[in-house]
Amino acid sequence: MANNIYDAIVVGSGISGGWAAKELTEKGLKTIMLERGMDIVHIKDYTEANKEAWNYPHRGERTREMIKNYPVLKRDYPLNERNLSWWANDQDSPYTEIKRFDWFRGYHVGGRSLLWGRQTYRLSDLYFEENARDGIAVDWPVRYKDIEPWYTYVEKIAGVSGSVENLPELPDSHFLPAMEMNCVEKDLSARFKDHYKSSRKMIIGRCGHATVPMDGRQCMYRDKCWFGCPFGGYFSTQSVTLPAAMKTGNLTLRPWSIVTKVLYDKDKKRATGVEVLDAQTNQTYTYYAKIIFLNASTFNSTWILMNSATDIWPDGLGSSSGELGHNVMDHHLDVSAGGIVEGYEDKYYYGRRANGIYIPRYRNFFGDKRDYLRGFGYQGGGGRLGWDQNAGSEYSIGTDLKEKLSEPGPWTFGIGAFGETLPYHENKVTLDKTRKDKWGLNVLAFDAEIKENEKKMRKDMLNDAIEMMEALGVKHIQSSDDNPYLGRGIHEMGTARMGRDPKTSVLNKWNQVWDAPNVFVTDGSFMTSAACQNPSLSYMAFTARAADHAVSELKKNNL
C-alpha cells in the first residue's frame with residue numbers, strides 16, 4: 001500500500017470521528033484519521049488534571065489580557081487559565097458574525113470529547129416524528145426502531161450511568177449504576193413527584209461515566225473532567241475509541257492536518273480522497289481512499305463540503321439540494337431559577353459528583369398544547385455553599401472572617417433550561433470569501449438566530465422554572481433570562497441534514513452524501529431536528545450504524 005492510499009479516511013477525531021475510526025478499523029479497513037490540531041495523548045498530556053485552583057497565578061480564572069485576546073471565548077466559561085490551549089484560538093481561527101453566534105471549538109485530537117458535558121440521552125419517536133407531525137422542514141428518514149440497536153451498541157462500550165424510568169419521551173439506555181442524588185435532591189424530587197404526579201419528572205442525569213469498573217476505566221468523582229481524566233472515568237476518544245482503533249493495527253493518526261476539500265471524480269460520481277494542508281508547515285498533501293467519513297464537527301464538515309467540487313456545484317459538494325449550510329440549530333439556554341433550601345445544616349455530601357438532576361421535556365407532549373412548537377428540559381442540582389459564600393460586612397477581616405469562611409453555607413438548588421430551536425432554512429452558514437484565517441483559508445459567516453417560536457418558549461422556560469422552585473419550597477428565588485444567542489449550548493446541529501429526498505436534503509438515511517455516496521457525514525451536521533436533550537449519544541449511534549453500512553456496501557462493490 002502506498003503511504004497516501006487507504007481504505008478509509010476519517011476527518012476529525014472528536015466524539016463521532018473516534019467512533020468512525022474504531023468501527024472501520026475493527027472491520028478490517030486500513031484507515032487514516034486526520035485531525036487539524038495537536039495531539040493529546042491519554043493520561044500523559046492531561047497536565048492540569050491533578051492541579052487545584054490555588055496552583056494557578058489567577059486561581060484558574062481569566063486575565064484582562066486573555067479577555068482582550070479572546071473576544072469569543074470570553075463570552076462564557078471556555079476562557080480560563082487552566083485549559084485554554086484546548087479551545088480554538090479566536091485570532092488564528094476567526095469567523096464572521098452576520099448575527100451573533102458563540103462558536104466554541106476544540107481543535108486537537110479528541111476534540112470536544114475531552115470537553116463535553118457528558119449528558120447522554122436517547123431520542124424517541126416523539127422527536128423523530130415531530131417534523132412530519134408539525135409540517136416543519138423535512139421528515140427524518142429514520143425512526144427509533146432503526147437507531148435503537150445502535151444506541152444499545154454504543155452505550156455498552158461507552159458506558160452510560162442512569163436510572164430506569166420507562167418514560168416514552170426519554171427511552172431508557174443500557175445503564176451502568178446511576179449516580180446518587182444528594183440529600184436535598186432526594187427530598188426535593190419526592191416533593192416534585194408528590195406535587196406534579198406524573199405530569200413532570202425529576203430524575204438523576206444520564207451521563208457518560210463508568211460508575212463501576214469498566215475495561216480499566218472508572219469515575220473517581222473528582223469533577224475535573226474537562227482537564228482530561230487519568231482514570232478514563234468518562235467517555236472520550238482517548239479513553240475508549242482511539243485505543244480500540246489503535247489495537248487493530250489498522251489506524252494511522254495524523255494531527256496538524258487541515259482537510260481543505262474532498263476530491264471528487266465527476267465521471268464516477270464518487271469521492272477519491274481529500275486534500276490536506278499541514279497546519280505546521282503549510283505544505284499540501286493528498287490522501288486517497290474508497291470511503292470518507294466527515295466528522296470535523298458540524299460547521300467544519302460543512303465548510304469542507306462547501307470548499308469541494310465547486311467546479312461542478314458552485315456551492316460545494318452536497319449542495320445540489322440547496323440545503324447545504326442551512327438549518328443551523330443549537331439549544332437556546334441561559335434561562336434559570338434557583339435559591340436557598342432551608343434546613344439540612346447537619347448534612348453534607350461526599351466527593352464531587354460530575355452530574356446533576358434532569359427534568360425531561362413535558363411541554364407539547366401528552367395532551368399539553370402551547371402557543372409554540374416543541375419544548376425544553378432542565379438540568380441542575382443541589383449543593384452546599386462553601387468557603388466562597390458571602391460572609392457579609394460584619395466579618396470583613398480577622399479571625400471572625402476566617403471562622404465564618406471555614407463553615408459550610410446554606411444548601412442551594414437550581415435548574416437551567418435547554419430549549420429546542422426549529423430548523424429554519426434561513427438560519428445558515430456561508431463562506432466569507434473576504435476574510436481569511438491564519439492559514440489563508442476562507443472563514444465561515446454565521447447568519448442564525450432564535451425566532452418568535454423560541455422567544456415564546458423562553459417565557460415558559462422561565463415561568464415554569466420559577467413555579468417549580470416555589471412548589472419545592474425553595475426560598476430567596478433568583479431567576480434570569482439572558483443571552484438568547486445560538487452557539488452557547490455547544491450543541492451545533494444541522495447544515496447537512498439527512499432526509500428522504502435528494503431534492504430537499506444533503507444526506508440519505510445512512511448519512512451518505514446524495515451527490516457522492518462514498519462520503520459519510522455523521523457529526524451534528526446530519527441532524528434533521530434538534531430535540532431538546534444533549535445530542536452526543538445520537539452522533540455515536542448514527543456513526544456506528546453508518547460505518548456498518550459503509551463496510552457492507554463496500555464489500556458489495558457499491559461504493
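For Thr421 (side chain) and Asp330 (main-chain N/O), a donor-acceptor pair under 3.5 Å exists by modelled atom type. Between the Asp315 side chain and the Ser319 main chain, no donor and acceptor come within less than 3.5 Å of each other. Without hydrogens or angle criteria, Asn55 side chain to Glu52 main chain gives a donor-acceptor distance under 3.5 Å. For Tyr121 (side chain) and Pro360 (main-chain N/O), no donor-acceptor pair under 3.5 Å exists by modelled atom type. Without hydrogens or angle criteria, Arg82 side chain to Trp226 main chain gives no donor-acceptor distance under 3.5 Å.
The salt bridge (Lys or Arg N to Asp or Glu O under 4.0 Å) check on Arg435 picks up nothing, with sequence neighbours excluded. Every side chain to side chain contact (heavy atoms under 4.5 Å, CB included) that Lys451 has, sequence neighbours left out, goes to Tyr424, Glu426, Asn427, Glu449, Glu454.
Using a 4.0 Å cut-off between a side-chain N of Lys or Arg and a carboxylate O of Asp or Glu, Glu81 and Arg59 do not qualify as a salt bridge. In this structure, Arg361 pairs ionically with Glu130, as a charged nitrogen and a carboxylate oxygen lie closer than 4.0 Å. Arg254 has a carboxylate O that lies under 4.0 Å from a charged side-chain N of Asp278, or vice versa, which qualifies the two as a salt bridge. Residues Lys428 and Glu323 are not paired through a salt bridge, judged by the lack of any N-O separation under 4.0 Å between the basic side chain and the carboxylate.
Between Trp303 and the choices Val259, Leu444, Thr495, the side chain to side chain contact (heavy atoms under 4.5 Å, CB included) rule is met once, by Leu444.
Ring-plane geometry between His331 and His491 is classed as perpendicular, the angle between the planes exceeding 60 degrees on a 0 to 90 degree scale with a lower cut at 30. Below 30°, between 30° and 60°, or above 60°: for Trp103 and Phe446 the angle between ring planes is between 30° and 60°, a tilted geometry. Aromatic ring orientation, Phe376 versus Tyr372: tilted (interplanar angle from 30° to 60°). Taking the six-membered ring where tryptophan is involved, the planes of Tyr234 and His209 are tilted, since the angle between them lies from 30° to 60°.
The six-membered or imidazole ring of Phe104 lies away from that of Tyr77, with a centre-to-centre distance of 6.0 Å or more. In this structure, the ring of Phe542 has its center less than 6.0 angstrom from the ring center of Phe526.
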May I have the list of side-chain donor-acceptor pairs in residues 34-41 shorter than 3.5 Å, sequence neighbours left out?
from, atom 1, to, atom 2, distance (Å)
Glu35, OE1, Ser13, N, 3.4
Glu35, OE1, Ser13, OG, 2.7
Glu35, OE2, Gly37, N, 3.0
Glu35, OE2, His108, N, 3.2

